[in-house]
Novice: 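I'd like to ask some things about the structure below.
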Amino acid sequence: MAFLVLPLLGLLVRAPWSELWPQLTQPQVGQALRLSLVSATLATLVSLVLGVPIAWVLARSTLRGRSVLRALVTVPLVLPPVVGGVALFLVLGRQGILGRWLYETFDYTIPFTTTAVVIAETFVAMPFLVISVEGALRAADARFEDAAATLGADRWTTFRRVTLPLVAPGVAAGAVLCWARALGEFGATITFAGNFPGTTQTMPLAVYLALQSNPEGAIVLSLVLLAVSLATLLLLRDRWLGRSGVPT
Amino acid sequence: MAFLVLPLLGLLVRAPWSELWPQLTQPQVGQALRLSLVSATLATLVSLVLGVPIAWVLARSTLRGRSVLRALVTVPLVLPPVVGGVALFLVLGRQGILGRWLYETFDYTIPFTTTAVVIAETFVAMPFLVISVEGALRAADARFEDAAATLGADRWTTFRRVTLPLVAPGVAAGAVLCWARALGEFGATITFAGNFPGTTQTMPLAVYLALQSNPEGAIVLSLVLLAVSLATLLLLRDRWLGRSGVPT
Amino acid sequence: GGSASPDAAGTSSSSGSGGELTGTLTVFAAASLTDVFTGLGDQLMAENPDLDITFNFAGSSALATQITQGAPADVFASANQTQMGVVTGAGLAEGDPTVFTENVLEIAVPPDNPADVTGLSDFADADLTLAVCAPDVPCGAAAEQVFEAAGITAQPDTLEEDVRAALTKVELGEVDAALVYASDVQAAGDQVEGIGFPEAEDAVNEYPICTLAGSQNPGAARAFLDLVESEAGQRALTDAGFRSPTS
Amino acid sequence: MSLRAHVVVRRGALLVDVDLAVADGEVLAVLGPNGAGKSTVLRVLAGLLVPDGGRVAVGDDVWDDGDRHLPAHRRPLGMVFQDHLLFPHLSTTDNVAFGLRTRGVRRAEARSTAEGWLRRVGLEGFGDRRPTQLSGGQAQRAALARALVGEPRLLLLDEPLSALDARTRLTVRAELRRHLAEFAGCAVLVSHDPVDAMALADRVLVVEDGRVVQEGTPAEVARMPRTDYVARLVGLSLLPGVGRGRSVELDGGGAVAVAEEAQGPVFVAVRPGTVSLYLSRPDGSPRNVWPATLVAATPHGSTVRCDLDGEVPLTADVTATAFAELGLQPGARVWASVKASEVAVYPR
Amino acid sequence: MSLRAHVVVRRGALLVDVDLAVADGEVLAVLGPNGAGKSTVLRVLAGLLVPDGGRVAVGDDVWDDGDRHLPAHRRPLGMVFQDHLLFPHLSTTDNVAFGLRTRGVRRAEARSTAEGWLRRVGLEGFGDRRPTQLSGGQAQRAALARALVGEPRLLLLDEPLSALDARTRLTVRAELRRHLAEFAGCAVLVSHDPVDAMALADRVLVVEDGRVVQEGTPAEVARMPRTDYVARLVGLSLLPGVGRGRSVELDGGGAVAVAEEAQGPVFVAVRPGTVSLYLSRPDGSPRNVWPATLVAATPHGSTVRCDLDGEVPLTADVTATAFAELGLQPGARVWASVKASEVAVYPR
Ligand SMILES: Nc1ncnc2c1ncn2[C@@H]1O[C@H](COP(=O)(O)OP(=O)(O)OP(=O)(O)O)[C@@H](O)[C@H]1O
Ligand SMILES: Nc1ncnc2c1ncn2[C@@H]1O[C@H](COP(=O)(O)OP(=O)(O)OP(=O)(O)O)[C@@H](O)[C@H]1O
Ligand SMILES: [Mg+2]
Ligand SMILES: [Mg+2]
């Protein structure tokens, strides 16, 4: 416990609170905060759309390659985020496998746009969602799905109308983790999306740059980021994290 | 799926495989790989010792402040790792809250040692373990704990001899996540532990340095890191991840 | 230049006035110096078999933070005056830092220069995809200076957190041009092409070096500083695309 | 030594307030419908749930009393759960030895004592199996051994038979009876099967909605049920009314002729086998004749159980032959009759 | 239209190989001990489990046959599960409407049909409740409505009553009987309670260890059990032997005198109520007299059920009074006797 709280306390004690107001009123900070929140939320939504089905496959299907798939899902956890950013370039960059086609056909490039921020954050944060939702699906009672099948529901209907509502708390917990990780994403974002105020400069990027020139200001900025995310997490109440196993 | 696999493929295709052998035979690479594996494993062990009790408190106790505690646990997820490194300095550095006392009493400083690597990795990776184990504890049947209590087992005996063996698969899954994250840790490590070959230069740091002068080599290095961690993950079979919910 | 020739070092006695160096030396240096300093360190260790040099390469600001937090460093080589200022401001430098090398900006373009970038004025072209460093980091501050001097309103698409990140994007062909240091263009080999421009002289980046007050091995620290400033050291730096201090 | 408990505890919308006492060597069955609070009472006795009030004492030792609460693991008790709850990660022997180990007995000694108990419950040779490798009946026997091995002063059994199939239940019930007869401490058995209570208990406590509604020996409860729930369980129709000499005016309307004098509030209990059905009003000696509608008919061995609705709601058992001859269908209008001498009357 | 199925499927160590046929309007009960494979057969019929062999066909439609497997959601069937498995996130009405909605019925129409069904099962006014707010009996009724609402051709019931308490079970069993009588399709009911089978089924299939061991009407099975399991269920002692005229030589040793001629392999069934116990060898008309040891005694209403061990293992029911007068204790040596005319004999 102390191990987690003390560093935070250290930051709080040492933070130059006099810097707080001037920092907060900088237009760039507001912009970065807004962009961070918007892109982390979008990344979470994308992760939900893509990640929940993957989790379903991991938890419910009898595919041979499931453990390979599960290992692949954890790749973005181990890959240094900067390398992750390079990998994204290799696929979606102007010269990338898909990116070139996009560029030549629609004259559209992904890097250096807010879209790129969302993609980078999704790449890094989605595994958290997948792993949490898989856990929730494993814990859920699969017999409800049998019951739905005997009532004429195909796999997709069953998933949408029975499984998903049943594991909603687990999905919510996964989404929280995913959102938190997306909010803190730095390496892949700066590599793949670059850093431009208003379009791609999220809070962690602003913090990192501030560290170069104004370390005290950087600490204040990261505390602001923390405060916002903690406030959000606290608003999601206990019950979102699933039924309690408290033995009373 | 494609979203996760394509970038990896991109890396594999573009990687300059001719670089592989020369890179691998550099003594520094072997050193960094060994240090990475050792410190990630130690960080996982420390996380188990500290994190499992926290998870138990989150899942089983009826403390008022549980949602605050849970939010605090997710702090290191949101904090940019570099700021996490600074925070560790503020506590454990020679000028830090505890570090000064350590230094003055035992003439011992933590930063820039392998211990510092383990601490930085633990700080960043432990939340993964805590959140996974909490999930496993919530899913476990608390009635076994009642049964143990009626057999004369106090809370600690029950935890050690009943609860822990029951949630072993969940703990294993959490440990895998934790280990993977510790293996990929960069920002907090380079800040708090420095980048000394042999003592604190882990693979992600070696990748960072290689990026400065030899980007292709850096990609090869990170693929080596990936391969090692994927191999480890694949060795941990499906059953480690808990009983299956497959409805057949 | 106090460095002895390898032969002399090999034959003189350890307590001799020739000053064979012993113990460990810890050098904190900016990441862009990795190759040059590693080479120089190997040379000094070859001359002094009992000397053990360890390097800590990282971003200058991380190094400055570590030094102010009591890191056991003997030498600090910063990629800019600002971070050196953090260390001297904390009273941790031994004597005044000296500038041992300089770096000037160059335009980096992908091989064959697909966008036909010719000079600094192309950075005002909004149609090109362009990378410059963020003003918070030295190469960004320098970029601002040259644009001001040239009277150009730059239209970058991204403000990179360091030169390396900008260069990566050029290497991958994802930007048409980036404003980076000449040494980085050199290090990237044939992955990028460099284009020099006259306004670069308005924003020369200076690399200061100093020994640190808390050094446990001041003799070796001094010797390393001397080696860097020696002819051999300067040659190694020039080969890597840096240039000798003009003043 | 004996158990005296007054348990007051709120559980969601339900307020449980139950008084009970069990002498040494006595077995008390707590009977009641789902959600009546039976398990709640047992959890309080076990110390797994802190009551909101009341008092729990065994002999001279007070386990719960206002400010005092002895935690479960400090109480000398054994508990058997519905789903046996054997620890899945331990062998059967280690499961049984668990309670001894927590009390500091050495491993070898604990295991040999455990093996002795396994022999007593007929599980010799099963000690090395995991609980998942035991059948339901074997697992429940092992759970009993686990609860008894510590020589508890209080034995608590929460529906120990209800997860077993009908055949295994017969066997395990017989064995449980033998072990309970040998057991020197107090035993409390929760069940919602009256057969368990009849077979195993010396005394029965019927709990409904958190309150005790009846208490007595199994035979008393079976003969003179005091609530509809108990009446249905033991297969009687219960009719509350007010005695007026040889007749009882029912609260729901109508009257019943009875053989003995009755005065004041009474219950009338009618055994289904004593009810006869006719298609037209019979002329005969039985003085109790009521019109009724057949609501449902269920074959039951060689008889058919007929649920009747009307002024006097009754259940009748008629032979399958008679049922077929009458050509009855649900919805049919019939006449039901009972001899006054077959009707039991007892004060409310 | 009718169900004809031959189900072959391996489940862990168990090989299930069961043949069954159910006519329209008929109810088949599948009876068997825990782990016999009953649920497995039902899951194959439902299409939830792909069999390893055999064939499932309803009327002219083949549902399973080697290469062909119709998935569960394409089969016109309804299924009721032991734990009702109502979807906890939907209201009762929406649960019942679920099957209609998946078949493309519009929301308003599906809900109104569902409400009609809720009325039929006696749940009018409960439509807006969540399943957790229903009692066990109500939930099981809603599950029945949910299974019936799609007018299935095949109705499958997997121990629909076993999670209910004794009293609720009586009520729900009676209702279920009414609905099954009205149901026009084929119904298969899995149970391990013989009372369910007797009350609800037209025909009984007894499965043990994955095989059919007996088949017949409930009365036939109850009268002439063919395995020990069935015999215990219906409360008979079963003794296999070889007929030699008026005597049967038992396979376990000893002989039984019988009233009718018997030749070849036969079963002898003895009803516990017909067995008398004596402390010394009786001299009388019964020709069947065996020495035995009392193993266990369980009160059972007004009688005591005595398990006897000896050359001829038997169960005897004696009145509580007689039991007390004989002063019997487990371990006592007794003589058991049965009249030859009370013994049933039928070919193996
Ligand atoms: N943890 C809990 N928190 C709040 N209410 C509970 C809890 N557990 C049970 N209840 C409620 O308390 C009441 C009594 O439950 P209890 O388990 O004691 O009943 P029971 O008589 O044992 O029933 P059953 O025969 O179903 O086991 C029920 O209404 C139940 O919903
Ligand atoms: N998913 C499964 N995988 C492997 N074996 C299984 C599975 N489910 C059940 N079995 C095994 O198949 C056998 C038959 O199980 P089944 O559930 O069909 O029995 P049952 O007759 O319904 O028993 P019960 O009365 O306990 O419900 C059992 O031995 C069981 O352990
Ligand atoms: Mg209960
Ligand atoms: Mg079953």
Side-chain angles (χ1 to χ4, degrees), chain B residues 48 52-53 55-57 59-64 66 132-175 236-248, chain D residues 39 42-50 63 70-91 94-105 107 110 114 130-132 139 142-158 188:
Chain B
L48 281 170
V52 171
W56 185 85
V57 169
R60 287 281 190 274
S61 85
T62 45
L63 283 182
R64 263 257 145 219
R66 272 187 306 151
S132 301
V133 175
E134 187 197 345
L137 282 172
R138 278 177 187 280
D141 194 338
R143 294 178 309 155
F144 285 110
E145 297 169 15
D146 289 349
T150 66
L151 293 167
D154 57 25
R155 282 199 153 195
W156 169 237
T157 310
T158 302
F159 178 69
R160 200 165 40 87
R161 302 214 20 224
V162 175
T163 315
L164 215 48
L166 285 177
V167 299
V171 174
L236 302 166
R237 298 223 221 96
D238 250 17
R239 71 187 162 90
W240 279 87
L241 290 158
R243 83 206 134 82
S244 160
V246 177
T248 48
Chain D
S39 299
L42 229 54
R43 292 179 66 81
V44 169
L45 296 183
L48 294 170
L49 187 64
V50 184
W63 287 1
L70 195 69
H73 66 272
R74 307 259 307 277
R75 303 187 177 194
L77 57 82
M79 187 155 176
V80 179
F81 300 85
Q82 174 172 346
D83 302 332
H84 68 72
L85 295 184
L86 294 174
F87 304 126
H89 59 290
L90 297 181
S91 72
D94 286 335
N95 260 287
V96 177
F98 189 94
L100 297 173
R101 299 279 291 134
T102 62
R103 290 181 173 97
V105 178
R107 191 175 154 79
R130 287 293 165 99
T132 47
L144 181 65
R146 184 175 72 168
L148 288 173
V149 74
E151 302 191 344
R153 290 168 65 181
L154 175 62
L155 181 65
L156 303 171
L157 305 109
D158 195 354
V188 180

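Any value given below was found using the heavy atoms of this structure, including those in side chains, with hydrogens, waters and symmetry copies removed. Order of the sequence lines fixes the chain letters, A, B, ..., with proteins taken first and strands second; residue numbering starts at 1 for each chain.
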Novice: Can you sort out the partners of B:Ala149 under side-chain contact (heavy atoms from CB on, under 4.5 Å), two or more places apart, ordered by chain and number?
Specialist: D:Leu48, D:Ala72

Novice: Can you tell me if CZ on B:Arg161 sees more than 12 non-hydrogen neighbours from other groups inside 6.0 Å?
Specialist: yes

Novice: Could you tell me which portion of B:Thr150 (side chain, backbone, both or neither) has an atom closer than 4.5 angstrom to a non-hydrogen atom of chain D?
Specialist: both

Novice: Just give me the residue among D:Gly78, D:Ala46, D:Pro88 that pairs up with chain B most often, heavy atom to heavy atom, under 4.5 Å.
Specialist: D:Pro88

Novice: Less than 4.5 Å to any heavy atom of chain B: does that hold for the side chain of D:Leu156, its backbone, both, or neither?
Specialist: neither

Novice: Please rank D:Pro76, D:Gly99, D:Pro71 by heavy-atom pairs under 4.5 Å with chain B and give me the top one.
Specialist: D:Gly99

Novice: Closest approach of B:Phe144 and D:Phe87, non-hydrogen atoms and distance?
Specialist: O-CE2, 3.4 Å

Novice: Checking heavy atoms, do the side chain of D:Phe81, its backbone, both or neither come under 4.5 Å from chain B?
Specialist: side chain

Novice: Look at atom CZ of D:Arg74 and say whether more than 12 heavy atoms of other residues, nucleotides or ligands are closer to it than 6.0 Å.
Specialist: no

Novice: What part of D:Arg103 is in contact with chain B, defined as an atom under 4.5 angstrom from a non-hydrogen atom: side chain, backbone, both or neither?
Specialist: side chain

Novice: Return the set of residues passing salt bridge (Lys or Arg N to Asp or Glu O under 4.0 Å) with D:Asp94 (not counting sequence neighbours), or none when no residue passes.
Specialist: D:Arg111

